[in-house]
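Here the structure comes first, spelled out in structure tokens, and everything after it is commentary.
All values derive from a computational prediction rather than experimental measurement.
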Amino acid sequence: ASLDSTAHLHETPSGQSKHVFRHISEVVSASFSPSDRNSALTASRDRTARLWSCISGECLRIFDHGATLSTGLFSPDGENVVTACSEGVVK
């Protein structure tokens, strides 16, 4: 989680920052796609989950949950995402 509304992607083993993924509010979770590891999903208290390219750093899609998120995850095959909010709604 990040209170500064960002998630950072770092290169290994150098630890150099490669991309900064930005939201409007606190980032509560981040995960990599299990299918290709070239995509990342971040979830935020700004009510959105964002799909990012780990290659370009570009935001590929914004998912508006409509409520403050507590998490966002990829499905095991990496083809879908699921978001959950503090009110218990899963999409």
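- Side-chain atoms of Phe63 and Leu69, non-hydrogen and from C-beta on, never get closer than 4.5 Å to each other.
- Members clustered with Val89: none, using a 4.5 Å side-chain heavy-atom cutoff among hydrophobic residues.
- Remark: Thr6 OG1 to Glu26 CD distance equals 11.0 Å, nearest 0.5 Å.
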Mind listing the side-chain donor-acceptor pairs of residues 76-87 below 3.5 Å, one per line with the distance, residues two or more places apart or on another chain?
| residue | atom | partner | partner atom | Å |
| --- | --- | --- | --- | --- |
| Asp77 | OD1 | Ser75 | OG | 2.6 |
| Asp77 | OD1 | Glu79 | N | 2.9 |
| Thr83 | OG1 | His65 | ND1 | 2.6 |

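- Looking only at side-chain heavy atoms (C-beta outward), Leu41 and Phe74 come within less than 4.5 Å of each other.
- Remark: Ile55 CD1 to Ser53 OG distance equals 5.5 Å, nearest 0.5 Å.
- Expressed to the nearest 0.5 Å, how far CZ of Arg47 lies from CG of Asp64 amounts to 8.0 Å.
- With hydrogens and angles left out, the side-chain atoms of Trp52 and Thr42 include a donor and acceptor closer than 3.5 Å.
- The CG atom of Leu51 sits 8.5 Å away from the CZ atom of Arg61 when rounded to the nearest 0.5 Å.
- Contact of the Ser70 side chain with the Val28 side chain is not registered, since no non-hydrogen atoms from C-beta on lie closer than 4.5 Å.
- Not a single donor-acceptor pair under 3.5 Å links the side chain of Ser33 to the backbone N or O of Arg37.
- Between Ser31 and Gly72 the shortest heavy-atom distance is OG-O, 3.9 Å.
- With sequence neighbours excluded, the residues forming a side chain to side chain contact (heavy atoms under 4.5 Å, CB included) with Ser17 are His8, His10, Val20, listed by chain and number.
- In this structure, the side chains of Phe21 and Cys59 stay at 4.5 Å or more apart for every pair of heavy atoms.
- In terms of the salt bridge (charged side-chain N to carboxylate O under 4.0 Å, His left out) criterion, residue partners of Arg50 (sequence neighbours excluded) are, by chain and number, Asp46.
- Under the rule for a side chain to side chain contact (heavy atoms under 4.5 Å, CB included), Ser5 has no partner lying at least two apart in sequence or in another chain.
- Cluster partners of Ile62 are absent, since no Ile, Leu, Val, Met, Phe, Trp or Tyr has side-chain heavy atoms less than 4.5 Å from it.
- Under the 3.5 Å distance criterion, the side-chain polar atoms of Ser44 are matched with a main-chain donor or acceptor of Ser25.
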